[in-house]
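For this chain, numbers begin at 1 and follow the sequence in order.
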Amino acid sequence: MPEEDLIELKFRLYDGSDIGPFRYSPAATVSMLKERIVAEWPKDKKIAPKVANDIKLINAGKILENSKTVGQCRAPFGELPRGVITMHVVVQPSLAKAKTEKKVDEVPRKSICSCTIL
């Protein structure tokens with residue numbers, strides 16, 4: 001594929017730091033981008049995705065679907081030729097896992113209630 005057809009992307013994390021930029025084919029899927037983000041995630045971050053499904057990618061105010069290609073996700077306005085497109089990364093662990101972890105951390109509580117009748 002010619003060099004000029006590749007799309008340059010960087011990924012903005014929750015703390016303002018970036019991963020990338022990397023060059024992708026317009027045929028690359030959002031799922032492939034998420035796998036790369038998990039692989040390149042900085043080790044020093046407190047919040048880190050464990051799997052690609054823990055990540056939401058946002059471009060031009062829209063959450064991108066895993067089955068869409070990079071070419072389909074590009075915003076049609078405001079793009080400069082050879083410009084880097086910034087996508088925002090949100091880490092959102094799966095709900096089933098979060099509920100399981102909560103049950104493990106939860107300590108049985110004793111009911112302490114006092115009523116006073118005047």
Side-chain angles (χ1 to χ4, degrees):
M1 175 169 280
E3 183 80 15
E4 65 245 11
D5 288 347
L6 296 177
I7 300 170
E8 197 166 8
L9 301 174
K10 70 178 176 180
F11 306 100
R12 178 79 29 99
L13 305 181
Y14 61 90
D15 64 353
S17 61
D18 293 329
I19 296 176
F22 302 113
R23 293 177 164 262
Y24 292 96
S25 160
T29 63
V30 171
S31 179
M32 292 167 65
L33 300 179
K34 289 180 177 183
E35 289 172 11
R36 175 86 184 256
I37 292 169
V38 170
E40 298 285 335
W41 195 269
K43 304 297 180 210
D44 61 338
K45 303 288 182 202
K46 287 184 180 179
I47 300 173
K50 292 180 178 44
V51 294
N53 284 337
D54 290 350
I55 296 175
K56 302 272 188 242
L57 282 180
I58 301 172
N59 185 38
K62 295 181 182 175
I63 297 175
L64 306 180
E65 298 174 24
N66 287 342
S67 60
K68 297 279 187 175
T69 64
V70 172
Q72 293 171 325
C73 296
R74 288 198 312 187
F77 57 90
E79 287 188 23
L80 299 172
R82 298 197 178 261
V84 178
I85 299 171
T86 301
M87 293 188 177
H88 294 269
V89 179
V90 177
V91 178
Q92 185 176 20
S94 63
L95 293 176
K97 190 175 235 181
K99 287 181 181 178
T100 305
E101 289 175 3
K102 185 178 179 182
K103 287 180 183 177
V104 171
D105 294 340
E106 198 173 285
V107 177
R109 296 182 186 189
K110 296 179 181 177
S111 294
I112 301 176
C113 180
S114 64
C115 297
T116 306
I117 301 175
L118 297 173

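Taking each heavy atom of Y14 and K46 in turn, the nearest pair found is OH-N, 3.8 Å. Pairing each heavy atom of A48 with each of V91, the nearest pair is C-CG1, 4.3 Å.
Separation of atoms CH2 (W41) and CD1 (I47) is listed at 8.0 Å; rounding is to 0.5 Å. Expressed to the nearest 0.5 Å, how far NZ of K68 lies from CG of N59 amounts to 12.5 Å. Rounding to the nearest 0.5 angstrom, the gap separating the OH atom in Y24 from the CD1 atom in I7 is 11.5 Å. Between the CZ atom in F11 and the CD1 atom in I55 there is a gap of 9.0 Å [rounded to 0.5 Å].
Chaining together hydrophobic side chains whose heavy atoms lie under 4.5 Å apart places V90 alongside I58, I63.
With sequence neighbours excluded, the residues forming a salt bridge (charged side-chain N to carboxylate O under 4.0 Å, His left out) with K10 are D18, listed by chain and number. Looking at residues two or more places apart in sequence or on another chain, you find a salt bridge (charged side-chain N to carboxylate O under 4.0 Å, His left out) between K45 and D15. Evaluation of the salt bridge (charged side-chain N to carboxylate O under 4.0 Å, His left out) rule for E65 yields no partner, not counting sequence neighbours. For D44, the side chain to side chain contact (heavy atoms under 4.5 Å, CB included) test picks out P42, with sequence neighbours left out. Annotation: side chain to side chain contact (heavy atoms under 4.5 Å, CB included) contacts of N66 (sequence neighbours excluded): V30, S31, K34, N53.
Grouping the Ile, Leu, Val, Met, Phe, Trp and Tyr side chains by contacts below 4.5 angstrom, directly or via other members, places M32 apart from L57.
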### Message
The test is side chain to side chain contact (heavy atoms under 4.5 Å, CB included); show your working for I19 and L13 and say whether it passes.
### Response
CA-CA 8 Å; I19 296 176; L13 305 181; 3.8 Å; yes
